[in-house]
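The block underneath contains the structure these notes are about, expressed in structure tokens.
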Amino acid sequence: MSTDRKLIRGGHVVTVDTKLGVIPDGEVLVEDGVITAVGANLGVSDAEIIDAEGGIIAPGTIDTHRHTWQAQLRGCCADTSLQQYITGFWADATPSYTAEDAKLGTLVGALEALDGGVTTLLDYAHITNSPDHADAAVDGLEEAGIRAVFAYGLGQANIMAPPEFDRMADLTRIASERFSGSGLLTLGASLSEIGLNPISVNKKQKQLADELGAVSTVHIGTSWSQPPGLAELFHAGVLDARLVLAHANTFAETDWKLAAEAGVKVSTTPESELAMGAGKLAINSVLRHGLKPTIGADVVALNSGDILTPTRQALAYTRWADAVDTNEQGRDIYVVSRTAQEALEWATINGADALGLHDRVGSLTPGKQADLIVVGGRHIGIRPVNDAVGQLIFHTSPGLIDTVLVAGKVVKRNGQLVGVDLPTLLARVDDSAKAIKERMARIAAEKTPLSPEVLANFPKWIAHNLAS
């Protein structure tokens, strides 16, 4: 017999299910964390009522690329280029985190995501300075109560130093110790940066992840001065449907043909890519080659913590990119190329598919887990609801999201995170951020610049690794 029944009602139900569509004045019945019915006038009277008050009920959004641990350093990358981020911020910030900092940053970052309606994320956790750091980051995700793929960082920040420890062995260790059950967390692996190790290393990492049943992900195609390495990964047999490529800005058409042939997943992160000078977004190429776009928040030291904001940017970009040639010929566009419905799929069902969770989340389909959001109708910024899908994409911000459920559990209610001692948590974050920044300053001051010889040989080193 069911012990927990919730009825979410009184709103426009955006199911992201092609058979169910949008149901005005609809209802969603949740029993023991699972969606059991969706429709109008379900006739349920013996359930806890969550009233959308004329607003919108929708699936929680899904983030396919986020460095969750960076929450203490939000705002630190406002005027940072990608190259400055890689060689300065990331290289200095990562070793400045203790294991406790990693847990706190991941916890706060995950709570920020939940507050913004993100119910599932891929945590690209390149904060694995030690096994203790890895466990601490998992602890942070568990404490937050978010659904997540913990993508263990198999690379290290200081690429010039000897290996700090055997990360592949520790991935195996954490798989058996922390991911043997069926909870909200699943295991993933973040492969080493392409070109900074031989391709054979990336291949071994992917093979191990496959053996462990883990989704893999990797940064790729962000540096215009270096080859992306996509073809090398393809010929090494690394590319497949269990690999999420993050960014892919610099791919040539030949790369996209290989990516499509392999059926890879792609995460576009508009806020960081556009702001940091990574160039054109990959999303139009993803669409052109029949792949399914997904969206990531990426660098939370720069970007907003929700996914609807970068989804809105991605949709605007695709429309611009599809129109620019026509506009420059002095002609006008009368029909936009991509719809809000498509963009919502990028942020929900496509993300679920990329993370291997399509049978559990991504739409309000009976039988799936009850991961959903309620954009409350009591807000002046959402009423009247004339186009529920369009208003989710173009009008919804974290402050308009009243309620968030993960597996049927309410984690945000009446606009406030549930069970979070916010004043205490914020004080801890402030103290942690201060200590991290002090350590970063010392590292930066003591850093020895790379010699001209090393810099001159860097392209050759990359080429050698790609060929190895």
Side-chain angles (χ1 to χ4, degrees), residues 65 82-83 85-87 90-91 94-95 124-126 128-129 151-172 175 188-212 214-267 278 282 448-468:
H65 186 74
L82 180 60
Q83 296 307 313
Y85 169 83
I86 293 170
T87 60
W90 178 53
T94 307
Y124 198 114
H126 52 2
T128 49
N129 300 347
Y152 188 109
L154 293 171
Q156 64 183 41
N158 187 352
I159 60 174
M160 297 298 182
E164 298 156 336
F165 63 101
D166 189 338
R167 283 177 162 82
M168 290 180 65
D170 197 52
L171 175 64
T172 302
S190 301
L191 309 185
S192 293
E193 303 297 326
I194 304 301
L196 300 187
N197 293 279
I199 287 292
S200 58
V201 171
N202 300 114
K203 182 176 182 177
K204 290 177 182 178
Q205 292 171 341
K206 179 63 164 61
Q207 289 173 335
L208 176 60
D210 289 344
E211 291 170 8
L212 297 172
V215 170
S216 296
T217 187
V218 68
H219 292 132
I220 193 167
T222 58
S223 176
W224 290 87
S225 61
Q226 303 295 338
L230 191 282
E232 289 80 0
L233 290 178
F234 178 86
H235 294 301
V238 176
L239 302 187
D240 61 24
R242 293 279 289 172
L243 178 65
V244 181
L245 304 180
H247 310 309
N249 305 78
T250 70
F251 282 11
E253 191 65 14
T254 52
D255 295 318
W256 283 115
K257 289 179 180 178
L258 295 177
E261 180 180 339
V264 297
K265 314 301 182 183
V266 182
S267 180
T448 302
L450 296 177
S451 68
E453 291 77 17
V454 170
L455 292 174
N457 286 321
F458 195 74
K460 294 180 182 178
W461 180 50
I462 295 290
H464 173 76
N465 284 336
L466 292 178
S468 301

Measure the CG-CG distance between Leu233 and Asp240 for me, rounded to the nearest 0.5 Å. 11.0 Å
Does any part of the side chain of Ile194, heavy atoms only, come nearer than 4.5 Å to the side chain of Asn465, both counted from C-beta? no
Please verify the inter-ring angle class for Tyr124 with His219; under 30° counts as parallel, over 60° as perpendicular, anything in between as tilted. parallel
Side chain Arg167, main chain Gly155, donor-acceptor under 3.5 Å: yes
d(Gln156 CD, His126 NE2) to nearest 0.5 Å is 13.0 Å
Once rounded to the nearest 0.5 Å, what's the spacing between atom OH of Tyr152 and atom CG of Leu208? 11.0 Å
For Thr250 and Pro228, work out which heavy atoms get closest and say how close. OG1-CB, 3.9 Å
Given 3.5 Å as the limit, does a donor-acceptor pair link the side chain of Asn197 with the main chain of Asn202, or not? no
So, do Phe234 and Asp255 sit near enough that their side-chain heavy atoms are less than 4.5 Å apart? no
Is any side-chain heavy atom of Leu230 less than 4.5 Å from a side-chain heavy atom of Leu258? yes
Please name the pair of heavy atoms, one in Ala151 and one in Thr217, separated by the smallest distance, quoted to 0.1 Å. CB-CG2, 4.0 Å
What residue among Gln205, Lys206, Gln207 forms side-chain contact (heavy atoms from CB on, under 4.5 Å) with Lys203? Gln207
Atom OG in Ser192, atom CE in Met168: separation rounded to 0.5 Å? 9.0 Å
Would you compute the distance between atom CD of Glu193 and atom CG of Leu191 and round it to the nearest 0.5 angstrom? 9.5 Å
Do the side chains of Val218 and Leu245 get nearer than 4.5 Å, heavy atoms only? yes
Search all heavy atoms of Leu243 against all heavy atoms of Val238 and return the closest pair with its distance. CD2-O, 3.8 Å
When rounded to the nearest 0.5 Å, the distance separating CG of Leu212 from OG1 of Thr172 is 5.0 Å
Would you check, one step at a time, whether the test side chain to side chain contact (heavy atoms under 4.5 Å, CB included) holds for Trp256 with Val266? CA-CA 11 Å; Trp256 283 115; Val266 182; 4.1 Å; yes
Search all heavy atoms of His247 against all heavy atoms of Ala282 and return the closest pair with its distance. O-CB, 3.4 Å
What closest approach, in Å, do Ala241 and Lys265 show between heavy atoms, and which atom pair accounts for it? O-CE, 3.4 Å
Nearest heavy-atom contact between Pro227 and Leu466 is CG-CD1, 3.5 Å
Quick one: do Leu82 and Ile86 satisfy side chain to side chain contact (heavy atoms under 4.5 Å, CB included)? Show the steps, please. CA-CA 6 Å; Leu82 180 60; Ile86 293 170; 3.9 Å; yes
